[in-house]
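Have a look at the structure below before the remarks.
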Amino acid sequence: MPNTQKKVSALIITYNEIGYIQQCIESVLFADEIIVVDSYSTDGTYEYLVNHPKVKVIQHPFSNFTAQKAFTLKQATNDWVLFLDADEVVTKKLQSEIITTINSNSDNVAYWFYRKFMFQNKPLNFSGWQTDKNYRLFRKSKAQFSDKKIVHETLEVEGSSGIFKEKLIHYCYKDYKDYKGKMLKYGRLKAKEAFYREKKFTYLLMVTKPLWKFFNHYFLRLGILDGKKGITISYLNAIGVLEYCKELKRLEKKNGLAYYLVMP
């Protein structure tokens, strides 16, 4: 009998992910194609990918997460796509659930994945991440990335969605410097997004928003139960919010100066 199993494309975007990308790629070797879009890594990520026999790697300049993922999605040749971050790993049980799901008779066109967060190599059970879920498996013909957000991109789905039972492993924290760098980058991109939506900087916002972020993650979202890991994550998340406020202020000042310089 002919093989009628549906094919799936694994899609990943990268930039300097040599500490993560190997285990991510190894976990998706079951996919019918693996496409990685790299934004000119300098740490050996590109060299690893270009020499991998089962990976198609494309270098493309990074402007924001939504644009990069939208470009990557266009490269897939199969309708079903599994879109991962470079620091995520598919377990064997999740792999089986993916294969079974896309070959079922379900009407769902997209699926949410819950994620299990890892602080270095230890689980982070609380700190605001316990309810985190994202679209990771979907039909290319029924979904697109919204152009309204440039960070923490949003998938717009035409049809019904399901939720997977098995969790995706997310190695969110390699070390202090790495995670802080991510939070600062996210903060600046979110500020750019807010600026174009005409949100305004205030000093009250700069004081209260980071404090609320820490309080929410450490106390309300039970980061206190993660011990020292919870303190570290909550603090760095707050640092990211502070960077958002600083960048929003800088953008307003830059825009105001530009307006002043072109005034007749």
Side-chain angles (χ1 to χ4, degrees), residues 9-21 24-25 28 34-43 45-46 49 55-76 81-90 110-115 117 128-129 132-138 140 142-157 161 168-174 177-197 199 213 233 236-237 239-248 250-251:
S9 299
L11 307 179
I12 307 163
I13 65 171
T14 58
Y15 176 70
N16 288 350
E17 299 284 1
I18 198 60
Y20 297 115
I21 190 63
C24 178
I25 294 296
V28 295
I34 303 172
I35 299 175
V36 182
V37 173
D38 178 71
S39 48
Y40 298 93
S41 291
T42 58
D43 68 342
T45 297
Y46 176 73
L49 293 168
V55 174
K56 176 183 178 182
V57 59
I58 303 166
Q59 289 196 303
H60 186 264
F62 181 93
S63 56
N64 61 65
F65 287 100
T66 296
Q68 195 77 340
K69 288 197 172 185
F71 172 82
T72 305
L73 184 59
K74 291 179 181 178
Q75 312 310 310
V81 298
L82 174 65
F83 216 129
L84 300 180
D85 290 342
D87 56 2
E88 294 175 337
V89 172
V90 178
Y111 289 88
W112 296 94
F113 283 23
Y114 281 104
R115 297 191 290 178
F117 283 74
W129 303 120
D132 175 83
K133 69 179 187 297
N134 301 90
Y135 279 121
R136 285 294 181 260
L137 181 70
F138 55 90
K140 177 183 175 182
K142 298 293 183 179
Q144 63 181 359
F145 289 102
S146 170
D147 59 4
K148 297 177 182 178
K149 301 190 75 173
I150 62 175
V151 64
H152 298 311
E153 57 287 340
T154 301
L155 192 71
E156 296 177 341
V157 175
S161 300
L168 190 66
I169 306 298
H170 183 202
Y171 288 87
C172 66
Y173 187 98
K174 180 171 65 175
K177 182 180 178 181
D178 176 74
Y179 192 87
K180 182 179 180 180
K182 287 181 181 180
M183 292 302 101
L184 294 177
K185 181 178 182 179
Y186 291 156
R188 289 189 288 268
L189 285 171
K190 289 176 75 173
K192 185 177 180 181
E193 182 180 288
F195 178 74
Y196 286 123
R197 291 183 178 181
K199 292 187 178 181
K213 187 72 170 182
I233 289 293
L236 290 176
N237 286 342
I239 289 293
V241 175
L242 180 62
E243 182 69 11
Y244 158 86
C245 296
K246 289 180 177 179
E247 182 68 8
L248 185 58
R250 190 192 68 80
L251 289 169

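Nothing here was measured: the structure is a model prediction, and the numbers come from that model.
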To the nearest 0.5 Å, tell me how far Leu11 CG sits from Leu73 CG.
6.5 Å
So SG of Cys24 and CD1 of Ile169: to nearest 0.5 Å the spacing works out to 12.5 Å
Do Lys69 and Asp85 come close enough that some side-chain heavy atom pair is under 4.5 Å?
yes
For Val89 and Leu168 the tightest heavy-atom approach is O-CD1, 3.4 Å
Under 6.0 Å between ring centres, would you say that holds for Phe65 and Phe145?
no
From CA spacing to verdict: side-chain contact (heavy atoms from CB on, under 4.5 Å), Asn134, His170
CA-CA 12 Å; Asn134 301 90; His170 183 202; over 6 Å; no
Pair Leu236, Tyr173 - check side-chain contact (heavy atoms from CB on, under 4.5 Å), show working.
CA-CA 11 Å; Leu236 290 176; Tyr173 187 98; 3.9 Å; yes
So which of Asn16, Thr14, Thr45 actually passes side-chain hydrogen bond (donor to acceptor under 3.5 Å, both in side chains) with Asp38?
Thr14
Between Asn237 and Tyr179, does the side-chain contact (heavy atoms from CB on, under 4.5 Å) criterion hold? Intermediate values first, please.
CA-CA 9 Å; Asn237 286 342; Tyr179 192 87; 2.9 Å; yes
Side chains of Val55 and Ile12: closer than 4.5 Å at any heavy-atom pair?
no
So CD of Glu88 and CZ of Arg115: to nearest 0.5 Å the spacing works out to 5.0 Å
Might you confirm whether atom NZ of Lys56 has over 12 heavy atoms from other residues, nucleotides or ligands at distances under 6.0 Å?
no
In short, Leu189 meets Ser63 closest at the heavy-atom pair CD2-O, 4.3 Å
Taking the side chain as every heavy atom from C-beta outward, state whether Val90 and Leu82 have any pair of such atoms under 4.5 Å apart.
yes
For Lys140 and Ala76, indicate whether the former's side chain and the latter's backbone hold a donor-acceptor pair under 3.5 Å.
yes
What one should report as the nearest heavy-atom pair of Ala86 and Tyr20 is O-CB, 3.4 Å
If I take atom OG from residue Ser161 and atom NZ from residue Lys142, how far apart are they, to the nearest 0.5 angstrom?
12.5 Å
Using a 6.0 Å cut-off, check whether atom NZ of Lys246 has over 12 heavy atoms from anything other than its own residue.
no
Measuring from Lys213:NZ to Leu242:CG, what's the distance to the nearest 0.5 Å?
13.0 Å
Phe71 side chain reached by Ile58 side chain, heavy atoms, under 4.5 Å
yes
Evaluate the side-chain proximity of Lys180 to Met183: yes if any heavy-atom separation is below 4.5 Å, no if none is.
no
Is there a side-chain contact between Leu248 and Phe195, using heavy atoms and a 4.5 Å cut-off?
yes
Could you tell me whether the side chain of Tyr15 reaches within less than 4.5 Å of the side chain of Val37, counting heavy atoms only?
no
Specify the closest pair of heavy atoms between Gln59 and Ser41, including all atoms of both residues, with the distance to one decimal.
NE2-N, 4.3 Å
Answer yes or no: is there a side-chain heavy-atom contact under 4.5 Å between Tyr196 and Ile150?
no
Quick one: CD on Glu247 to CG on Leu184, what's the gap to the nearest 0.5 Å?
10.5 Å
Set out, in order, the CA-CA distance, both residues' side-chain angles and the distance that settles side-chain contact (heavy atoms from CB on, under 4.5 Å) for Arg197 and Lys149, then state yes or no.
CA-CA 10 Å; Arg197 291 183 178 181; Lys149 301 190 75 173; 3.6 Å; yes
Taking every non-hydrogen atom, the tightest pair across Tyr40 and Pro61:
CE1-N, 3.6 Å
Between Asp147 and Thr66, which heavy-atom pair has the shortest distance, and what is it?
CA-CG2, 4.4 Å
Look at the rings of Phe83 and Phe138 and say which category their plane angle falls in: under 30° parallel, 30 to 60° tilted, over 60° perpendicular.
parallel
